[in-house]
Chemist: 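Got a structure here, written out as structure tokens. Questions coming.
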Amino acid sequence: MDYLERVLADLKEKDGAQPEFLQAAEEVLQSIRPIFEAHPEYEEQAVLERLIEPERIIQFKVPWRDDQGKMHVNRGWRVQFSSVLGPYKGGLRFHPSVNLGIMKFLAFEQIFKNALTTLPIGGAKGGSDFDPKGKSDPEILRFCQSFMLELEKHIGPDVDVPAGDMGVGAREIGYLYGQYRRIRGASERGVLTGKGLSYGGSLARKEATGYGLIYFALEMMKRSHLDPQGLRAIVSGSGNVAIYAAEKAMQQGMRVIAMSDSKGYIVDEALDLDLIKQIKEKERGALSEYPARAKHGAYYPGSVYDADLAAEVAFPCATQNEIDLSRAKKLVLGGCRLIAEGANMPNTNEAIAYYREQGVLFAPGKASNAGGVATSALEMSQNSMRLSWTFEEVDEKLQDIMKAIHEQCVQAIEQYHLDPKDYVSAANLAGAAKVIEAMVAMGDY
Ligand code: NDP
């Protein structure tokens with residue numbers, strides 16, 4: 001057993017009950033082997049052990065009352081994984097599936113994603129097993145206030161800067177920031193990102209993850225001489241990332257033929273994205289309403305990846321592990337030539353290995369969905385400078401950042417003599433190399 005395998009075996013022993021974290025750690029560690037082969041001294045310095053151990057985990061209770069006055073208690077977390085490159089940065093997720101293992105996997109992935117953005121930010125993630133679905137506005141407000149009552153002690157513009165993720169959008173960020181301000185008695189706008197425009201938010205932040213995903217995919221297409229015009233696309237999810245990925249894909253000439261939510265999916269050759277925005281973004285409703293209101297298209301319960309659809313590209317933008325090996329086979333059978341992740345880890349490691357085997361172009365989320373956190377960092381810059389850039393300025397910077405991330409992947413492919421389509425190893429190597437270099441340079445970090 002070599003150093004890397006010993007560390008992985010030890011991690012499995014300690015964190016066996018956290019399958020998502022183990023999955024993410026295994027994927028990253030296996031692909032950064034060349035760094036350790038080039039630096040045998042890293043074993044003595046316990047570099048891998050330092051990389052996989054979170055600097056701090058905060059768990060707290062979140063008591064709140066519903067509209068009937070009944071008390072409920074949820075769990076809240078903030079995993080401050082790595083501050084090597086800058087203040088901790090990463091979203092908050094409110095979803096009943098949230099647990100410590102999922103928080104750790106997301107925070108771990110965030111470290112390398114943030115490193116790839118080239119911006120000075122560390123990696124973190126937080127959230128709660130609270131389910132915002134079906135809750136009234138005042139209930140969401142009381143929950144957010146109670147959550148921030150504790151979280152406030154651990155964050156700050158130069159310490160840790162949370163943002164949104166699943167279940168945490170502009171409304172929740174507004175309530176969380178309002179409570180933070182009341183407690184601190186200071187503006188400190190840079191403490192949260194994804195804020196509304198009237199109190200320090202950035203234009204184009206809402207669109208950034210989805211748009212950035214497509215900018216990244218376009219770079220991959222350019223490199224592989226694949227013309228986006230007319231390509232049929234599946235976009236799973238219909239939340240923040242999915243909606244703006246679909247919008248940009250359509251603007252670039254692709255044909256989005258299917259989208260989904262947690263209950264089912266729609267297939268429509270003449271997809272009406274404005275109606276989807278109305279149902280999902282504004283009304284917080286279900287996609288099942290779509291065909292009757294659009295007067296075209298069809299709705300089916302279950303996962304869009306179990307359908308036999310013909311599409312050349314897929315953008316999974318819902319949640320982790322949506323696509324396992326059998327669904328990956330269906331995608332390839334349906335003619336899929338490029339898959340770029342908008343969500344975090346929507347493909348299992350077996351699905352990714354299958355794409356590699358089949359020569360399918362594949363972009364891992366830590367590279368292709370980094371546009372969201374990058375624009376969050378641009379929001380922090382605007383807050384520090386006390387000015388606001390125009391939509392076009394932010395969008396231009398976002399395009400430059402996504403191109404730079406793609407370029408780093410291509411450079412890593414060349415530097416480490418990887419398979420020309422291996423963006424997974426390339427993104428892990430490029431991100432990890434920066435974190436490790438800084439960690440070692442700063443001594444016993
Ligand atoms: P949202 O909450 O806005 O949307 C999530 C979407 O996924 C909804 O359509 C939801 O359906 C659907 N969904 C949830 N669970 C499942 C499931 N088990 N099966 C199928 N569909 C499901 O979240 P975001 O769009 O913000 O985030 C989506 C993904 O992108 C996450 O993995 C997140 O970590 C990642 N991400 C987000 C960033 C951001 O800036 N927001 C940045 C980088 C990554 P329903 O409406 O029915 O709940």
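Both counts, for ligands and for their atoms, begin at 1 and track the order of listing. All values reported here derive from a predicted model rather than from experimental measurement.
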Chemist: With rounding to the nearest 0.5 Å, note down the distance linking CG in Asn74 to OG in Ser128.
Modeler: 4.5 Å

Chemist: Pick whichever of Asp131, Asp165, Val241 has a heavy atom sitting closest to atom 25 (O) of ligand 1.
Modeler: Val241

Chemist: What protein heavy atom sits nearest atom 16 (C) of ligand 1, and how far away is it?
Modeler: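 Looking at atom 16 (C) of ligand 1, the protein heavy atom closest to it is Thr319 CG2, 3.6 Å.
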
Chemist: Among Phe94, Phe130, Trp64, which one satisfies ring-ring contact (aromatic ring centres under 6.0 Å, His included) with Phe147?
Modeler: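 Testing each of Phe94, Phe130, Trp64 against Phe147, the sole residue satisfying ring-ring contact (aromatic ring centres under 6.0 Å, His included) is Phe94.
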
Chemist: Do the side chains of Lys330 and Asp306 get close enough for a salt bridge, i.e. N-O under 4.0 angstrom?
Modeler: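 Salt bridge absent between Lys330 and Asp306.
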
Chemist: Between Tyr354 and Lys329, is there a cation-pi geometry (under 6.0 Å to ring centre, at most 45° from the normal)?
Modeler: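 Because its charged atom sits under 6.0 Å from the ring centre and within 45° of the axis, Lys329 does stack over Tyr354.
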
Chemist: Suppose I only count heavy atoms of Arg93 and a 4.0 Å limit; which atoms of ligand 1 are within that range?
Modeler: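 It comes down to these atoms of ligand 1: 31 (C), 32 (O), 33 (C), 34 (O).
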
Chemist: Please state which part of Lys280 comes within less than 4.0 Å of ligand 1, counting heavy atoms only: side chain, backbone, both or neither.
Modeler: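 Within the 4.0 Å criterion, Lys280 contacts ligand 1 through side-chain atoms alone.
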
Chemist: With respect to atom 28 (C) of ligand 1, which of Gly237, Pro346, Ala318 exhibits the smallest heavy-atom separation?
Modeler: Ala318

Chemist: I need the contact type for Lys133 against ligand 1. Using non-hydrogen atoms and a strict under-4.0 Å cut-off, is it side chain, backbone, both or neither?
Modeler: side chain

Chemist: For the pair Tyr199 and Tyr177, name the ring-plane relationship: parallel under 30°, tilted 30 to 60°, perpendicular over 60°.
Modeler: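 The rings of Tyr199 and Tyr177 lie parallel, inter-plane angle below 30°.
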
Chemist: N/O of Ala242 under 3.5 Å from N/O of ligand 1, yes or no?
Modeler: no

